[in-house]
Amino acid sequence: MAPRRLSLVLSIATAALVLSGCPSPGNGEPPPTTETADTSESEAALAPLEVGDEQIRAADGAVLLSMEDVSGTIRADQQAEFGAAERFQEASVSPDGAWLAVVTTGAAHSAGWLVRMEARQPRPAAFQYGGNITVGPWSDDSQRLVFVQEGPAGGRTLTVVDAERLGETVEASAIPVRSPEHDELAPEERIYEALAWSNGELLFRVGEERWVFDPDSEEVRSSQ
């Protein structure tokens with residue numbers, strides 16, 4: 001196993017131990033209290049979410065977001081807007097409970113939004129023309145999120161959104177994740193899968209190939 005891949009595996013395994021509350025290997029002592037433990041409690045206070053066509057509610061019944069809060073169209077860029085917000089399809093709370101990731105659908109398109117809980121003002125984050133969007137994994141620090149986009153041709157791609165770099169359009173907010181071989185693949189062969197976040201980077205897979213995406217530099221490298 002290459003050193004980089006081993007590092008990623010160890011990072012993921014360590015995170016799993018912290019989240020499960022198991023003792024850390026080596027000294028037999030329980031892991032110290034971390035921010036991850038606190039943020040999990042924040043998320044747990046709101047989940048499981050109840051996602052209806054018109055409203056998203058927390059576990060206690062409180063309304064987190066209504067369709068009235070969402071624009072009827074999403075701005076893909078400075079020139080184009082599309083209707084993709086007739087009903088809620090999916091929602092996910094960030095680990096720290098401060099953000100809500102939302103997917104809406106229209107007659108033919110899907111949109112992804114990020115919403116700061118205290119503001120209830122959805123910001124455009126992802127758009128799929130003639131296809132579907134689902135919510136992928138949050139990073140442990142709640143700064144970044146993956147939206148999974150399925151196109152009409154059958155492919156599946158990934159978009160990373162940084163909560164600290166949101167713009168007024170999808171183009172300004174979305175960071176497309178693309179392997180170096182992306183353009184060589186037929187649309188139906190572009191099947192991306194988000195595996196995990198580790199040290200601020202996204203581990204993902206396309207077919208049998210595994211890659212690492214750095215959102216800061218927007219560079220992709222092999223995890224082998």
Side-chain angles (χ1 to χ4, degrees), residues 1-22 24-26 31 34-40 43 47 90-101 103 112 114 125-126 128 131-151 154-166 170 173-224:
M1 180 179 294
R4 180 61 192 172
R5 184 174 181 184
L6 177 59
S7 175
L8 283 168
V9 172
L10 289 175
S11 297
I12 295 169
T14 302
L17 285 170
V18 172
L19 288 172
S20 65
C22 295
S24 58
T34 65
E35 183 179 352
T36 301
D38 293 337
T39 57
S40 296
E43 180 184 11
E90 187 182 1
S92 174
V93 181
S94 62
D96 64 2
W99 292 89
L100 185 67
V103 175
L114 270 192
Q128 180 59 58
N132 188 48
I133 294 177
T134 55
V135 180
W138 284 94
S139 60
D140 289 341
D141 62 4
S142 300
Q143 181 178 339
R144 296 178 174 120
L145 168 74
V146 178
F147 282 104
V148 183
Q149 300 176 230
E150 298 184 10
R156 183 171 67 233
T157 56
L158 307 175
T159 292
V160 166
V161 180
D162 190 321
E164 296 182 357
R165 295 166 54 186
L166 294 175
V170 172
S173 301
I175 310 173
V177 178
R178 300 291 184 266
S179 75
E181 303 168 350
H182 179 85
D183 292 337
E184 302 172 9
L185 300 174
E188 65 274 11
E189 296 176 325
R190 297 170 181 170
I191 307 298
Y192 285 65
E193 180 183 358
L195 300 176
W197 286 96
S198 178
N199 298 324
E201 298 179 319
L202 177 68
L203 176 64
F204 70 98
R205 177 168 58 200
V206 185
E208 298 301 319
E209 298 290 330
R210 294 190 175 215
W211 306 91
V212 179
F213 175 70
D214 181 353
D216 291 325
S217 64
E218 299 186 20
E219 294 181 351
V220 173
R221 65 182 183 278
S222 175
S223 70
Q224 306 299 326

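Not measured: the values here are computed from a predicted model.
With a 4.5 Å cut-off on side-chain heavy atoms, Val160 and Glu218 do not count as touching. Considering only heavy atoms from C-beta on, Val103 stays 4.5 Å or farther from Thr134 through its side chain.
Counting only residues at least two apart or on different chains, the salt bridge (Lys or Arg N to Asp or Glu O under 4.0 Å) pairs with a member in residues 183-196 are Glu193-Arg205.
Of all heavy-atom pairs between Glu90 and Val135, the closest is OE1-N, 3.1 Å. A pairwise comparison of heavy atoms in Leu114 and Ala163 identifies CD1-CA, 4.2 Å as the closest pair. Between Ala125 and Phe147, the closest heavy-atom pair is CB-CE1, 3.7 Å. Among all heavy-atom pairs drawn from Leu158 and Ala194, the shortest one is CD1-N, 3.8 Å. Smallest separation of non-hydrogen atoms from Ile175 and Pro215: CD1-O, 4.3 Å. Closest heavy-atom contact between Gly151 and Gln128: CA-NE2, 3.5 Å.
In this structure, the separation between CG on Leu203 and OG on Ser198 is 8.0 Å, given to the nearest 0.5 Å. Of the inter-residue distances, the one linking His182 atom NE2 with Trp211 atom CH2 reads 13.0 Å to the nearest 0.5 angstrom. Atom CZ of Arg156 is separated from atom CD1 of Ile191 by 5.0 Å, given to the nearest 0.5 angstrom. Taking OG of Ser139 as the reference point, atom CH2 of Trp197 lies at 5.5 Å (rounded to 0.5 Å). Separating the CG atom in Leu202 from the CG atom in Leu195 is a distance of 7.5 Å, to the nearest 0.5 Å. Residue Arg144 holds its CZ atom at 13.5 Å from CH2 of Trp99, rounded to the nearest 0.5 Å.
Below 30°, between 30° and 60°, or above 60°: for Tyr192 and Phe204 the angle between ring planes is below 30°, a parallel geometry.
With Thr159 contributing its side chain and Ala126 its backbone, the two residues share no donor-acceptor pair below 3.5 Å.
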